[in-house]
Peer 1: 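Structure in structure tokens, see below.
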There are 2 protein chains.
Amino acid sequence: MPLASLNVDTQRSPTPAETALTRRVDLTTLRLFVAVCDEQNLTRAAQREGIAASAVSKRMNDFELAFGVTLFKRLAKGMALTPAGEALLHHARVTLLNVEKIAVELSEYSQGVRGHVRMLANLSAIVQYLPEDLSAFFAAHELLRVDLQERPSGQVVRGIEEGAAEIGICAAEADSRALEAFHYRYDNLVVVMRPDHPLAGRERLLFTETLDFDHIGLHTASSIYLRSQYAATQAGKTMRLRINVPGFDAVCRMVQANMGLGLIPDRAFAVVGAGMGLRAIPLRDDWGRRELKIVVRDAAHLSATGRLMLDYLRAVETDRGGRVG
Amino acid sequence: MPLASLNVDTQRSPTPAETALTRRVDLTTLRLFVAVCDEQNLTRAAQREGIAASAVSKRMNDFELAFGVTLFKRLAKGMALTPAGEALLHHARVTLLNVEKIAVELSEYSQGVRGHVRMLANLSAIVQYLPEDLSAFFAAHELLRVDLQERPSGQVVRGIEEGAAEIGICAAEADSRALEAFHYRYDNLVVVMRPDHPLAGRERLLFTETLDFDHIGLHTASSIYLRSQYAATQAGKTMRLRINVPGFDAVCRMVQANMGLGLIPDRAFAVVGAGMGLRAIPLRDDWGRRELKIVVRDAAHLSATGRLMLDYLRAVETDRGGRVG
DNA sequence: CGGATTGTTGGGAACAGATTCCAACAGCGC
DNA sequence: GCGCTGTTGGAATCTGTTCCCAACAATCCG
């Protein structure tokens with residue numbers, strides 16, 4: 001039954017036999033192991049870790065013995081990994097990285113930080129609103145700290161669902177499924193171009209008017225990109241795309257280099273495009289005004305710090321509040 | 001400078017001070033810690049872990065001392081987490097889960113497995129082709145093992161780029177950027193419906209002909225969903241969507257329940273829809289024939305096992321080979 | 001070509017340090 | 001005061017490290 005060895009990863013509770021094996025793993029061994037892998041040499045690895053070479057040798061042997069696995073091929077000129085070793089190396093690296101996060105985060109708490117909030121947000125939110133909002137938030141709550149990661153809107157939703165973070169910010173178009181969603185901000189899209197572009201004299205633009213010119217696309221998973229593609233096909237045309245770039249600053253630089261038109265939020269242009277000698281013209285289409293929303297898994301069961309952050313973000317834009325999802 | 005506390009996560013090499021802190025973390029303490037959190041009671045946690053309560057108490061105190069952090073509020077009726085404790089709990093959980101993976105994987109090697117390949121694939125590949133292909137691959141290489149995770153095509157690309165897996169399979173439409181891409185298989189989309197549906201008598205269908213009826217959508221990030229949305233808007237219409245579901249089997253069940261039409265690959269229908277008394281009609285549009293591609297970061301530097309798998313997958317469909325990206 | 005040299009990993013005994021256990025202790029609520 | 005909680009102290013134990021030495025392969029040198 002070869003198919004039995006197809007492992008679709010999933011969250012399981014450990015069997016007793018597994019916990020027994022788990023106890024044979026320890027972090028110093030792991031650390032030593034990656035050192036040996038890095039150096040491909042036991043002696044240098046031992047020096048680097050400030051420990052006797054024989055001790056390292058013993059640990060590696062014991063470890064191999066404990067799992068009944070050969071990790072290294074012992075060569076005359078050092079140690080080379082076996083396939084089992086390579087597999088271990090991968091996991092060992094991410095485990096150690098995680099432990100490091102623990103150490104860093106805890107030492108932050110010891111220096112007075114009173115709470116962490118893990119956050120996911122799309123690029124638009126990070127570039128335009130979060131710097132000021134978080135700055136103000138920190139001013140009110142000096143002892144809090146935020147771990148912020150950038151992801152496209154769809155993956156923000158997924159991350160919140162999976163518990164990778166407590167609070168997410170994404171485009172309102174994104175399907176937030178079972179998550180609770182609240183209004184955050186509105187966004188206005190502008191078309192960015194060089195001052196010598198044929199459209200540069202216009203005060204406002206319909207998106208269809210730009211379709212006869214080259215465009216510079218954002219990351220293909222970004223909601224701005226998806227939305228503009230949609231609009232183009234709805235108009236029965238296709239966007240003339242020359243390149244996809246990963247950030248608003250990159251869009252502006254491409255525009256500057258005469259690669260075409262860019263489509264980014266107005267405040268993003270104000271932040272990253274200012275001083276580049278470019279022109280930004282508001283989009284007249286209804287979808288030129290977008291909404292960003294806040295998503296959480298369950299507002300009632302947020303941590304104290306998460307709750308604080310959510311309440312703050314919801315209150316920060318006063319003109320138009322309320323629930324959207 | 002409140003903004004200094006905005007941490008965009010990134011891969012850093014550890015500073016000396018950090019490694020010193022890192023050494024104060026050990027897995028038994030972590031395991032004990034989550035046990036205490038789970039039980040909210042030190043005594044029960046100690047019992048569960050088969051250790052004296054005093055030992056646990058000491059470990060927790062030493063740990064708090066080492067980082068200068070209070071993890072628990074000691075109450076008369078047990079232990080409650082502080083914010084710092086909650087932060088630690090999150091990281092501790094994922095770390096332990098990782099260690100468990102290490103133990104499982106290594107014990108697999110000890111039982112004869114000679115290599116692991118981490119793979120990401122979209123749903124279409126997993127449902128239609130991978131079971132047979134991997135089965136045949138395992139028959140030829142009994143001692144290999146595969147860790148397979150399902151993701152939408154876009155996230156497959158991202159996962160391969162980030163090194164989460166060695167080999168990915170995704171829709172050819174997905175932008176694979178700097179990755180190397182190879183042809184894998186072709187896919188044919190069929191429209192699934194109940195036998196009493198008005199279109200059930202047709203031999204072949206154009207997608208536009210289905211737009212007057214209700215549709216059942218796949219996950220909104222899936223490439224089939226995105227492609228059909230695109231086709232609908234290109235035809236100047238909108239899809240009448242009643243629901244989005246996460247898998248091909250769910251689509252078929254929804255069709256059976258008279259919720260509308262489904263659009264899935266033909267072989268997926270053969271696998272999951274057989275025996276449900278449904279009708280599957282091929283799509284005549286050119287995009288009804290899709291391509292699945294294999295993506296890797298750098299074929300030249302694949303592990304031995306990864307190389308084996310790549311070569312096998314590329315050779316498995318003989319009628320149309322060759323590079324696509 | 002032979003032999004010495006340098007580098008490697010592996011093994012055993014003594015030592016130091018950490019971890020554990022048991023028992024007794026202190027705070028809190030009922 | 002009883003039952004529950006977590007904490008403390010000291011002794012037994014165990015684990016890990018070091019040091020020294022052996023075995024081995026490659027390389028250099030006479």
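Here is the naming used below: chain letters follow the sequence lines, and residue numbers restart at 1 for every chain.
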Peer 1: Using whole Å, what does the distance between atom C1' of nucleotide D:dT15 and atom CG of A:Asn61 come to?
Peer 2: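 Going from A:Asn61 (CG) to D:dT15 (C1'), I get 17 Å.
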Peer 1: Output the rounded distance in Å from CD (B:Gln47) to P (C:dC22).
Peer 2: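 Interatomic distance, CD of B:Gln47 to P of C:dC22: 13 Å.
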Peer 1: Examine distances only and state if a side-chain atom of A:Glu39 and a backbone atom of A:Arg44 form a donor-acceptor pair shorter than 3.5 Å.
Peer 2: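 Side chain of A:Glu39 to backbone of A:Arg44: no pair is present.
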Peer 1: Report the relative orientation of the aromatic rings in A:Phe72 and A:Phe33; use parallel for angles under 30°, tilted for 30 to 60°, perpendicular for over 60°.
Peer 2: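 Answer is tilted, since the angle falls between 30° and 60°.
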Peer 1: Without decimals, in angstroms, what is the distance between A:Lys73 NZ and D:dA25 P?
Peer 2: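 In whole Å, D:dA25 P and A:Lys73 NZ are 18 Å from each other.
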Peer 1: Starting at CZ of B:Phe72 and ending at P of D:dT5, how long is that distance when rounded to a whole Å?
Peer 2: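 Atom CZ in B:Phe72 sits about 15 Å away from atom P in D:dT5.
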Peer 1: Using a 4.0 Å heavy-atom cut-off, does B:Met79 contact any base of the nucleic acid, only the sugar-phosphate backbone, or nothing at all?
Peer 2: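 Since only primed, P, OP1 and OP2 atoms lie under 4.0 Å of B:Met79, the category is sugar-phosphate.
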Peer 1: Provide, to the nearest angstrom, the distance between the CD atom belonging to A:Gln40 and the P atom belonging to C:dT8.
Peer 2: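 Nearest whole value for this atom pair: 13 Å.
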Peer 1: Fit a plane to each ring of B:Tyr109 and B:His116, take the angle between them on a 0 to 90° scale, and name the class: parallel (under 30°), tilted (30 to 60°) or perpendicular (over 60°).
Peer 2: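 Rings of B:Tyr109 and B:His116: tilted, 30 to 60°.
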Peer 1: From CZ of A:Arg24 over to C1' of D:dT15, roughly how many Å is that when rounded to an integer?
Peer 2: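 After rounding, the reported distance stands at 14 Å.
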Peer 1: Closest approach to the side chain of B:Thr43, judged atom by atom: which nucleotide of D:dT5, D:dT7, C:dT9 is it?
Peer 2: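 Selected nucleotide: D:dT5.
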Peer 1: About how many Å separate CZ of B:Phe63 and CG of B:Leu88, when rounded to the nearest 0.5 Å?
Peer 2: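 Between atom CG of B:Leu88 and atom CZ of B:Phe63 there are 5.0 Å.
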Peer 1: Grab the CG-C1' distance between A:Leu65 and C:dT9 for me, whole Å please.
Peer 2: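 Checked: the CG to C1' distance equals 16 Å.
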Peer 1: Working to the nearest 0.5 angstrom, can you tell me the gap between A:Glu162 CD and A:Gln155 CD?
Peer 2: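 Result: 9.5 Å between the selected atoms.
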Peer 1: Determine which pairs satisfy salt bridge (Lys or Arg N to Asp or Glu O under 4.0 Å) with at least one residue from residues 73-85 of chain B, sequence neighbours left out, and list them in order.
Peer 2: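 Non-adjacent pairs meeting salt bridge (Lys or Arg N to Asp or Glu O under 4.0 Å): B:Glu64-B:Arg74.
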Peer 1: On the nucleotide D:dT7, are OP1 or OP2 found under 4.0 Å from the side-chain N or O atoms that B:Arg74 carries?
Peer 2: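 Yes, such a contact exists.
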Peer 1: Rounded to the nearest 0.5 Å, what separates atom CD in B:Glu180 from atom CD1 in B:Ile160?
Peer 2: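 Between B:Glu180 CD and B:Ile160 CD1, I get 12.0 Å after rounding to 0.5 Å.
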Peer 1: Treating primed atoms plus P, OP1 and OP2 as sugar-phosphate and everything else as base, which nucleotides of nucleotides 16-21 of chain D get B, S or - for protein heavy atoms under 4.0 Å?
Peer 2: SBBBB-
Peer 1: Under 4.0 Å: is that the gap between some side-chain N or O of A:Ser57 and OP1 or OP2 of C:dG10?
Peer 2: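 For C:dG10, OP1/OP2 do have a side-chain N/O of A:Ser57 under 4.0 Å.
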Peer 1: Let me know the distance between CG of B:Leu71 and P of D:dT7, rounded to the nearest Å.
Peer 2: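 After rounding, the gap between these two atoms is 12 Å.
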